[in-house]
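Note that this is a predicted model, so its numbers are computed, not measured. Heads up: numbering here begins at 1 and tracks the sequence.
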Amino acid sequence: MQKRSRLALIAAAALASVAHLGAALVAAQGAPRADYVGAINWRMTDPAFGGFSSLEISDDGSRFATVSDRATLWTGRFTRDDSGMIASISAEGPHPLHDSKGKVLRRHYADSEGLAIAPDGSIYVSFEGVARVARYTGPDASAERLPVPAEFEAMQINSSLEALAIGPDGALYTLPERSGALAKPFPVYRYRGGAWDQPFTLPRDGNWLPVGADFGPDGQLYLLERDFWGLLGFLTRVRRFEIGPDGATGGEVLIETHASQHDNLEGIAVWRDAGGAIRITMLSDDNFRFLQTTEFVEYRVRD
């Protein structure tokens, strides 16, 4: 009797997985606002390579920067073919990130997640573990730590400042990976004029969690979200918001993938390609596990 019960449970779990995957496929088919362009794996032999959780791309789509979740900064270039797809990748790194005293970051102080590069070249990095945002004048510079509001100190460890972006107004925007409840929106924090405030929230949708953000050349906020279905793998979604004086509006779904269609996409950069279309480039975090991959994935928005 016990054996039959175990078999029944295994069969039920398998059926549930198939149903769950089918639901994701339907969801993906219902979100055709962006077309898949292509993907390319990125490999290097350096033991520090991997764990990339952010992405910045130049206006012309030729150069990139990323930080790993072990506090290293990497930069590189894309070679693109005639159709605009990434054909090859060349990269430099790692550049270990430092604290305000010039020492290389260690342990839970080194859990870097978000990256934003200002027009003047300033490099901003958000961190989990000890939730904070730091400014660097260059890859090998000491950190200039921005003020830390009380809200940051109260955030859940390993689920805090995942996303970081610079808005058209020059302000920094960041938000935590978790809001605290399924029905609770995500608070967005803004840094300008030397101080933080919390001007608006973004609606939460079930188990979708934000892992990256970027402002596109259209001035809108693109939010990269992730869901995880265990052995079935990761799902990816991108929503787009209009940010105005009264907060965020819109939230249309541009991309929604089924499980395992891509790896663990955590970095996002939005730019305009040579044809004038909005291009969304994403980068996966392999968590330093050999079963996962580091890949760049690109979509073109239908507008």
Does E162 form a side chain to side chain contact (heavy atoms under 4.5 Å, CB included) with E266? I'd like the steps, not just the answer. CA-CA 9 Å; E162 278 276 341; E266 288 200 15; 3.7 Å; yes
Report yes if the side chains of [X] and [Y] come closer than 4.5 Å at any heavy-atom pair, otherwise no.
X: E295; Y: H262; result: yes
X: L202; Y: L223; result: yes
X: F52; Y: D286; result: no
X: L97; Y: V104; result: no
X: E113; Y: D69; result: yes
X: I280; Y: V238; result: yes
X: D246; Y: F200; result: no
X: R272; Y: I278; result: yes

Hey, do the aromatic rings of [X] and [Y] have their centres closer than 6.0 Å?
X: Y173; Y: Y189; result: no
X: Y124; Y: Y191; result: no
X: F288; Y: F49; result: no
X: F64; Y: W74; result: no

List the atom pairs, donor and acceptor, that lie under 3.5 Å between side-chain atoms in residues 211-218 and the rest of the protein, sequence neighbours left out.
{"from": "D214", "atom 1": "OD2", "to": "V270", "atom 2": "N", "distance (Å)": "2.8"}
{"from": "D218", "atom 1": "OD1", "to": "Q220", "atom 2": "N", "distance (Å)": "3.2"}
{"from": "D218", "atom 1": "OD2", "to": "Q220", "atom 2": "NE2", "distance (Å)": "3.3"}
{"from": "D218", "atom 1": "OD2", "to": "Y222", "atom 2": "OH", "distance (Å)": "2.7"}

Group every Ile, Leu, Val, Met, Phe, Trp and Tyr by side-chain heavy-atom contacts under 4.5 Å, then state whether [X] and [Y] land in the same group.
X: I117; Y: I166; value: no
X: L164; Y: M155; value: yes
X: I86; Y: W271; value: yes
X: W42; Y: L73; value: no

Under 3.5 Å: donor-acceptor pair, side chain of [X], backbone of [Y]:
X: S284; Y: T293; result: yes
X: E56; Y: A116; result: no
X: Y136; Y: H98; result: yes
X: R192; Y: G170; result: no
X: T257; Y: Q261; result: no
X: D273; Y: G276; result: yes
X: R132; Y: Y109; result: yes
X: R70; Y: S68; result: no

Think R226 forms a cation-pi with F234, using NZ or CZ under 6.0 Å from the six-ring centre and within 45 degrees of its axis? no
Looking only at side chains, do S179 and R204 share a donor and an acceptor under 3.5 Å apart? yes
Check this for me, if you would: do [X] and [Y] make a salt bridge, where the nitrogen-to-carboxylate-oxygen distance has to be below 4.0 angstrom?
X: E92; Y: R77; value: no
X: R300; Y: D35; value: no
X: R239; Y: E252; value: no
X: D227; Y: R237; value: no

Could you report the tightest heavy-atom contact between T66 and S54, atom names first, then the distance? OG1-O, 2.6 Å
Quick one, R80 with E298, criterion salt bridge (Lys or Arg N to Asp or Glu O under 4.0 Å). Give me CA distance, side-chain angles, the key distance, then yes/no. CA-CA 12 Å; R80 294 182 178 271; E298 293 196 321; 2.8 Å; yes
Any ring pair (Phe, Tyr, Trp, His ring centres under 6.0 Å) involving residues 236-255? Give me the pairs, sequence neighbours left out, ordered by first then second residue. none
Looking at L231, I want to see if its CG is surrounded by more than 12 non-hydrogen atoms of other residues, nucleotides or ligands under 6.0 Å. no
Please check if atom CG in D59 has more than 12 non-hydrogen atoms from other residues, nucleotides or ligands closer than 6.0 Å. no
